[in-house]
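Written below as structure tokens is the structure these notes are about.
Numbers here are sequence positions counted from 1. As a basis for the values below, the full set of heavy atoms in this structure was taken, side chains included, without hydrogen atoms, waters or symmetry mates.
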Amino acid sequence: MNVRADRVAEQMKKELTDIISRKLKDPRIGFVTITDVEVTGDLQTAMVYISVLGDQKAEQDTLKGLERASGFIRSEIGSRIRLRITPEIKFEIDSSIAYGNRIESLLKELNQE
């Protein structure tokens, strides 16, 4: 990514956190943490990585709720961040936290033996 894409990604991360926590009223959307936002160099697409508190079903429900609200979220981002074209937003579950927890539990098991 270039410097401008990095700045847009950071600003989008801040705004998305505010929009999801305050503006969305969908009951499917649980406790969501935005872990990362990656914007392509041409600022056309933004991949938003999220972490959801709960089980697999909660993750899928939250993902469906966010995808359903992506048009509203995109329009809110467009009004808050002055860009010629607002990036298309795609949501994806960030599995790195679960992977890290799994490694940590395996290491604890090894230390106990």
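- Taking each heavy atom of Thr40 and Ala5 in turn, the nearest pair found is O-CB, 3.9 Å.
- Connection of Tyr49 to Ile29 is not established within any shared hydrophobic cluster, with ILVMFWY side chains joined at heavy-atom distances below 4.5 Å, either directly or through further cluster members.
- Distance check: Lys90 NZ to Thr45 OG1 gives 5.0 Å after rounding to the nearest 0.5 Å.
- With contacts defined as side-chain heavy-atom distances shorter than 4.5 Å, the pair Lys64/Arg28 qualifies.
- Salt bridge absent: Lys57 and Asp55 never bring a charged side-chain N and a carboxylate O closer than 4.0 Å.
- Here the straight-line distance linking atom CG of Asp6 with atom CD of Glu38 works out to 10.0 Å at 0.5 Å rounding.
- The residues Lys108 and Glu104 are annotated as salt-bridged, a charged nitrogen and a carboxylate oxygen being separated by less than 4.0 angstrom.
- Look at Asp18 and Arg80 and you find a salt bridge, because one of the NZ, NE, NH1 or NH2 atoms lies within 4.0 Å of a carboxylate O, short of that distance.
- By the rule that hydrophobic residues join a cluster once side-chain heavy atoms approach within less than 4.5 Å of another member, Ile20 and Ile81 end up as members of one cluster.
- Residues Leu83 and Val39 are members of one and the same hydrophobic cluster, defined by side-chain heavy-atom contacts under 4.5 angstrom among Ile, Leu, Val, Met, Phe, Trp and Tyr.
- The distance from atom CG of Leu16 to atom CD1 of Ile89, rounded to the nearest 0.5 Å, is 5.5 Å.
- How far CD1 of Ile19 is from CD1 of Ile77: 4.0 Å, rounded to the nearest 0.5 Å.
- Between the side chain of Arg74 and the backbone N or O of Thr86 there is at least one donor-acceptor pair closer than 3.5 Å.
- Using a distance-only test at 3.5 Å, with no hydrogens or angles considered, a donor-acceptor pair links the side chain of Lys13 to the main chain of Thr35.
- Glu92 places none of its side-chain heavy atoms less than 4.5 Å from the side chain of Leu63.
- More than 12 non-hydrogen atoms from other residues, nucleotides or ligands lie less than 6.0 angstrom from CZ of Phe72.
- Under the 4.5 Å side-chain contact rule for hydrophobic residues, Ile73 and Ile93 share a cluster.
- Residues Thr33 and Leu53 form no side-chain contact, since every pair of their non-hydrogen atoms from C-beta on lies 4.5 Å or further apart.
- Taking all atoms of both residues into account, the shortest heavy-atom contact from Gly65 to Asp26 is CA-OD2, 3.6 Å.
- Taking CD1 of Ile50 as the start and OG1 of Thr62 as the end, the distance is 6.5 Å to the nearest 0.5 Å.
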| Given the rule in the side-chain contact (heavy atoms from CB on, under 4.5 Å) test, do Asp61 and Val52 qualify, once you have shown the distances and angles that lead to the verdict? | CA-CA 10 Å; Asp61 287 346; Val52 179; over 6 Å; no

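- Contact detail for Phe91 and Leu66: the closest heavy-atom pair is CE1-O, 3.6 Å.
- When every heavy atom of Val37 is checked against every heavy atom of Ala9, the shortest pair comes out as O-CB, 3.4 Å.
- The line from CD of Glu15 to CD of Glu76 is 9.0 Å long, rounded to the nearest 0.5 Å.
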